[in-house]
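Please read all numbers here as calculations on a predicted model, not as lab measurements. When reading the values below, keep in mind they use all heavy atoms of this one structure, side chains included, and skip hydrogens, waters and symmetry mates.
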Amino acid sequence: MNAPESYTQILSKAVEALSDTSEMKGLFHQHRHGDPLPSGPVLEEIIGLCRAVLFPGYYGKSALNSVTVKYHIGMELERLFSLLTSQIEAGLCFSREAEIGHCGDCHEYASSLSALLISRLADVRRILATDVEAAYLGDPAAQSYGEVISCYPAIRALTCYRVAHELNRLGVPLIPRIITEMAHSETGIDIHPAAEIGHHFTIDHGTGIVIGATCIIGNNVKLYQGVTLGAKSFPLDANGNPIKNNPRHPIICDNVIIYSNATILGRVTIGRDAVIGANVWLTRDVGPGERVTKD
């Protein structure tokens, strides 16, 4: 009778099996020496700094007033610029989309993208202000704008989305998606950073919301919990692989309300002022002003 394998032998075999790169196919990232890697804790700090700059006094330093706000925002932006540059550079290196020549050029490019993002934060705040207003006016339980900013998961998720969307517009790979997935984990609201969303957007309650990458949402749109704006089955190419990046998610026009657990799939258009009832399944266009309810 053969003697049982020792722990050392078992572990050695496991190491050999798990180190066989021929078996990994897409699961192994070949790291180049000196390349930075995206960091979850750093990105969480970046999100915290963005919230502190966009909503001063609600996040970040508590001892803020009209005299000290400029100083605090300056300090936070300096820290944000440094951290954001490092993470953008990490995203560029990770995706291999920044073959600029050498590491110094990549860092300089990341710095320029970081500065551009920061230059857009005032515009991000303006549109977030409309989201806060929409949430406050659309919820009789809301007692103040401060309550909406401090408590509502929709505002937390939309802050991440609107920052990530600007990074996505700048062509930053990977990092925008990590940021919105962090918001997804925190709030249960899943918004792809490539989606286009207009002003005065609000999500009531929020848990279970899904908004796909090619979704286009107009102004003054309200979603309730559990709404899915998704895609149908993907078309395949000649090799049987899914065709990527084609428009496949709904277009939601201005002033639309979509109630809880409605599912809208495919490149359909929901017309201006339409109302979609709870638990509806839709794969067709809906005309302006139309009311759709479950039979």
Seminar exercise, completed: In terms of heavy-atom contacts, A135 and Y152 come closest through CB-CD2, 4.4 Å
Exercise. Does a salt bridge link R51 with E186, judged by any charged N lying under 4.0 Å from a carboxylate O?
Worked result: yes
Exercise. When you measure from the side chain of S12 to the backbone N and O of T8, does any donor-acceptor pair fall under 3.5 Å?
Worked result: yes
Problem set entry | Expected output: side-chain Q87 to main-chain S39 donor-acceptor under 3.5 Å | yes
Problem set entry | Polar side-chain atom of R169 near backbone of L167 as donor-acceptor pair, under 3.5 Å | no
Problem set entry | Heavy-atom pair of closest approach, residues A183 and A157 | CB-CA, 4.1 Å
Problem set entry | Test item: I270 and I251 side chains (from C-beta on) under 4.5 Å apart, heavy atoms | no
Exercise. Can you tell if the side chain of V292 reaches within under 4.5 Å of the side chain of L282, non-hydrogen atoms only?
Worked result: yes
For this session: Might you point out which heavy atoms bring T180 and A164 nearest each other, and give the distance in Å?
Result: CG2-CB, 3.6 Å
For this session: Identify the heavy atoms of P153 and H205 that sit nearest to each other, and give their distance.
Result: CG-O, 3.5 Å
Exercise. Are the side chain of H249 and the backbone of T214 linked by a donor-acceptor contact shorter than 3.5 Å?
Worked result: yes
Exercise. Checking T130 side chain against I127 main chain: does a donor-acceptor pair fall under 3.5 Å?
Worked result: yes
Exercise. Between OG1 of T207 and CD1 of I189, what distance do you get to the nearest 0.5 Å?
Worked result: 7.0 Å
Exercise. With distance as the sole test, does S112 use its side chain to make a donor-acceptor pair with the main-chain N or O of Y109 at under 3.5 Å?
Worked result: yes
Problem set entry | V53 side chain reached by Y59 side chain, heavy atoms, under 4.5 Å | no
Exercise. Nearest 0.5 Å, what's the CG-CD1 distance between L170 and I175?
Worked result: 13.0 Å
Exercise. Would you say P193 and I179 make side-chain contact, with heavy atoms under 4.5 Å?
Worked result: no
Problem set entry | Note: E181-R177 ion pair, threshold 4.0 Å (strictly below) | yes
Problem set entry | Distance-minimising heavy-atom pair for D131 and R162 | OD2-NE, 2.8 Å
Exercise. Between I203 and I191, what is the shortest heavy-atom contact and its length?
Worked result: CD1-CD1, 4.4 Å
Exercise. Hey, is D123 close enough to R126 for a salt bridge, meaning N to O under 4.0 Å?
Worked result: yes
For this session: To the nearest 0.5 Å, tell me how far R156 CZ sits from I47 CD1.
Result: 9.5 Å
For this session: Give a yes or no on whether Y58 and Y136 share a hydrophobic cluster (residues Ile, Leu, Val, Met, Phe, Trp, Tyr; joining criterion: side-chain heavy atoms under 4.5 Å apart).
Result: yes
Exercise. Going by an N to O cut-off under 4.0 Å, is there a salt bridge joining R125 and E166?
Worked result: no
Exercise. What distance do F201 atom CZ and I252 atom CD1 have between them, rounded to the nearest 0.5 Å?
Worked result: 9.5 Å
For this session: To the nearest 0.5 Å, tell me how far I88 CD1 sits from C106 SG.
Result: 10.5 Å
Problem set entry | L137 side, atom CG; K222 side, atom NZ - distance, nearest 0.5 Å | 10.0 Å
Problem set entry | ILVMFWY cluster, I178 and V210 together (side-chain gap under 4.5 Å) | no
Exercise. Just checking, is any N or O donor in the side chain of N255 or D273 under 3.5 Å from an acceptor N or O on the other one?
Worked result: yes
For this session: Flag the pair I118 / L77 as yes when at least one side-chain heavy-atom distance between them is below 4.5 Å, and no otherwise.
Result: yes
For this session: Would you please test H199 and N219 for side chain to side chain donor-acceptor pair (under 3.5 Å) and show each step?
Result: CA-CA 5 Å; H199 59 74; N219 303 318; 3.3 Å; yes
